[in-house]
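Here is the structure we will look at.
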Amino acid sequence: MKAVRIHKPEGLEGIEGLVYEDAPDPQPAIGDALVQVRAASFTPTELTWPLQTDRAGHDRGPRIPAHEGSGVVVELGYGSAGVSVGDEVYGLIDGYRDGWAAEYVAIEARSLAPKPTTVDFVEAAAIPQAGLTSWQALFDHGHLESDQTVVIHGAGGGVGSIGVELARGAGAHVIGTGRAGARERVLELGADDFVDLEQGGWETAVGQVDLVYDAIGGDVLARSAAIVKPGGALVTIMAPLQTERDDIRVVHFVRDPSGAQLRDITRLVDQGKLRPQVGAVYSLTDAREAFMAKSTQHIPGKVVLTP
Ligand SMILES: NC(=O)c1ccc[n+]([C@@H]2O[C@H](COP(=O)([O-])OP(=O)(O)OC[C@H]3O[C@@H](n4cnc5c(N)ncnc54)[C@H](OP(=O)(O)O)[C@@H]3O)[C@@H](O)[C@H]2O)c1
């Protein structure tokens, strides 16, 4: 099959290392489904994530990026349940396996869910990573409740924009943050307020909150412990945070593929409560340009690749 592979990350965010080339056809193992890919999406920094080995520590050689996508099931591995040949599906793959930037992907069937019927394959591909990361951040780790206030750092990005919609849908008071250019979009997504992080004193503008959900990291993360109410939580998907505060919960986590949670997300999409945010679409042959554009051009939401 044709696929995009990374042999060695080079240049900005490893992007120069991407090559569109022939790759072995994936074989569905026990519990897998083989999916013909219709659309794939990625996270701008994923080429530099430490995923060069499989879970047993063996070097994976050239690997296929894009951990999320949508397509049609064409074959099942031994014992695979929950999906059938011909099903339109989408999902997030375990990052230690080859991803969706290819004509076919072999993925654990339990990581898949039916594609929402109200969106096309391109829009569906933009949902799994951002949807599952934000679901797990807000509800599994953040324990967000309807009468609480949450601030979402990076609210105009791929992950943050779905976070805004999920938090608003849960009835929370939502403050989105980012650069000034994201304000209008974030408010359109349903945030109650927007704070420009490039303005001095943003902590004062945000005030005290029950939950910080951070998708930016660095200085923004470091300064965020101070804005959490006693008993509240700071959940980051960026890096572990050391803080002297012992009256708040601090959680750093990496999202898990989950077909079960993705089914809940499918329902929200089909009820019109969650709109996928697709900022641009590129052909798989132009994957290098797509990664570069997402990393350098402030494209809102997700960038999607189509084989
Ligand atoms: N732990 C996990 O499981 C997990 C899962 C998914 C993603 N992630 C991480 O989450 C991060 C966000 O992913 P994404 O797909 O949402 O990326 P993205 O689409 O680029 O979103 C990031 C958002 O934050 C904004 N931003 C970044 N730095 C900023 C700053 N200093 N001040 C103000 N705004 C800033 C960006 O604005 P501009 O575009 O204008 O720069 C963009 O709107 C990535 O670093 C990714 O590695 C972690």
Side-chain angles (χ1 to χ4, degrees), residues 9 12-15 40-51 65-68 92-96 99 125-138 140-142 151-166 175-189 191 194-203 205-206 212-224 234-241 250-258 261 276-280 290-305:
L12 176 73
E13 301 286 9
I15 296 168
S41 190
F42 59 87
T43 298
T45 53
E46 68 166 73
L47 302 177
T48 59
W49 293 356
L51 301 171
H67 299 161
E68 59 193 325
L92 173 69
I93 196 162
D94 177 343
Y96 291 90
I127 297 170
Q129 169 112 276
L132 289 169
T133 304
S134 289
W135 184 285
Q136 291 162 17
L138 294 169
D140 295 349
H141 302 295
V151 62
I152 301 179
H153 290 319
V159 168
S161 54
I162 283 197
V164 168
E165 294 182 291
L166 286 174
I175 303 169
T177 75
R179 297 184 217 280
R183 173 186 297 275
E184 206 172 312
R185 272 175 36 75
V186 171
L187 293 175
E188 250 174 48
L189 288 168
F194 180 85
V195 173
D196 175 359
L197 292 176
E198 291 180 317
Q199 296 291 314
W202 57 262
E203 294 99 320
V206 169
V212 172
Y213 170 22
D214 166 56
I216 292 182
D219 182 54
V220 172
L221 168 61
R223 289 163 61 177
S224 288
L234 191 167
V235 176
T236 178
I237 57 173
M238 301 304 292
L241 174 71
V250 177
V251 180
H252 166 250
F253 79 101
V254 174
R255 83 290 177 280
D256 266 334
S258 166
Q261 287 179 336
Q277 304 298 318
V278 178
F291 270 79
M292 194 57 83
K294 180 61 188 164
S295 287
T296 58
Q297 293 175 15
H298 304 284
I299 296 176
K302 301 286 295 192
V303 171
V304 176
L305 303 168

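Values below: all heavy atoms of this structure, side chains included; hydrogens, waters and symmetry mates excluded. For ligands, and for the atoms within them, numbers begin at 1 and follow the listed sequence. Remember, it's a predicted structure, so these values are computed and weren't measured experimentally.
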* With side-chain contact (heavy atoms from CB on, under 4.5 Å) as the test, would you mind laying out the steps for Met292 and Leu12 before giving the verdict? => CA-CA 8 Å; Met292 194 57 83; Leu12 176 73; 3.7 Å; yes
* Any Phe194 side-chain heavy atom under 4.5 Å of Leu189 side chain -> no
* Side-chain contact test, heavy atoms from C-beta onward, threshold under 4.5 Å: evaluate it for Asp140 versus Gln261 and give yes or no. => yes
* Asked: Quick one: nearest non-hydrogen protein atom to atom 3 (O) of ligand 1, plus distance?
  -> Arg255 N, 2.8 Å
* ligand 1 to His298 polar contact by distance, N or O atoms, under 3.5 Å -> yes
* **Test log, rule side-chain contact (heavy atoms from CB on, under 4.5 Å), inputs Asp214 and Ser224** => CA-CA 9 Å; Asp214 166 56; Ser224 288; 5.8 Å; no
* Are any of the heavy atoms in Met238 under 4.0 Å away from ligand 1? -> yes
* What part of Phe253, side chain from CB on, backbone N/CA/C/O, both or neither, has a heavy atom under 4.0 Å from ligand 1? -> backbone
* Does Gly178 come within less than 4.0 angstrom of ligand 1, counting non-hydrogen atoms of the residue? -> yes
* Measure the shortest side-chain to side-chain distance between Leu51 and His67 over non-hydrogen atoms and say whether it is less than 4.5 angstrom. => yes
* To do: Measure the shortest side-chain to side-chain distance between Phe291 and Glu13 over non-hydrogen atoms and say whether it is less than 4.5 angstrom.
  => no
* Asked: Do the non-hydrogen side-chain atoms of Ile237 and Phe253 ever get within less than 4.5 Å of each other?
  -> yes
* Are Val220 and Trp202 side-chain neighbours, meaning at least one heavy-atom pair lies under 4.5 Å? -> yes
* **Of the listed options Ala130, Gly181, Gly157, closest to atom 43 (O) of ligand 1 (non-hydrogen atoms)** => Gly157
* Structure fact -> shortest atom 8 (N) of ligand 1-to-protein heavy-atom contact is with Ile237 CD1, 3.5 Å
* Which is closest to atom 26 (N) of ligand 1 by heavy-atom distance: Ile216, Thr45, Thr236, Asp219? -> Ile216
* Would you check if His153 and Val212 make a side-chain contact, meaning some heavy-atom pair closer than 4.5 Å? => yes
* **Leu132 side chain reached by Asp256 side chain, heavy atoms, under 4.5 Å** => no
* **Arg179, any N or O under 3.5 Å of ligand 1 N or O** => yes
* **Region of Thr133 that comes within reach of ligand 1 [heavy atoms, distance under 4.0 Å]** => side chain
* Heavy-atom closest contact (Leu221 atom, Ala239 atom, distance) -> CD2-O, 3.5 Å
* Does Lys294 come within less than 4.0 Å of ligand 1, judged by its heavy atoms? -> yes
* Asked: Just which atoms of ligand 1 are under 4.0 Å from any heavy atom in Gly154?
  -> 23 (C), 24 (O)
* Structure fact -> Ranked by distance from atom 17 (O) of ligand 1, the top protein heavy atom is Pro44 CG, 3.8 Å
* Quick one: does Glu198 get an N or O within less than 3.5 Å of an N or O on ligand 1? -> no
* Structure fact -> A student checking ligand 1 against Val159 at a 4.0 Å heavy-atom cut-off should list atoms 6 (C), 7 (C), 13 (O), 14 (P), 15 (O), 16 (O)
* Any chance you could lay out the side-chain contact (heavy atoms from CB on, under 4.5 Å) test for Gln277 and Lys302, step after step, and finish with the verdict? => CA-CA 6 Å; Gln277 304 298 318; Lys302 301 286 295 192; 5.8 Å; no
* Would a search of protein heavy atoms around atom 36 (C) of ligand 1 find one under 4.0 Å away? -> no
* **Which of the ligand 1 atoms, numbered from 1, are nearer than 4.0 Å to a heavy atom of Gly156** => 43 (O)
* Contact atoms of ligand 1, heavy-atom distance to Ala215 under 4.0 Å -> 11 (C), 12 (C)
* With backbone taken as N, CA, C and O and side chain as the heavy atoms from C-beta onward, which portion of Pro300 lies under 4.0 Å from ligand 1: side chain, backbone, both, or neither? -> neither
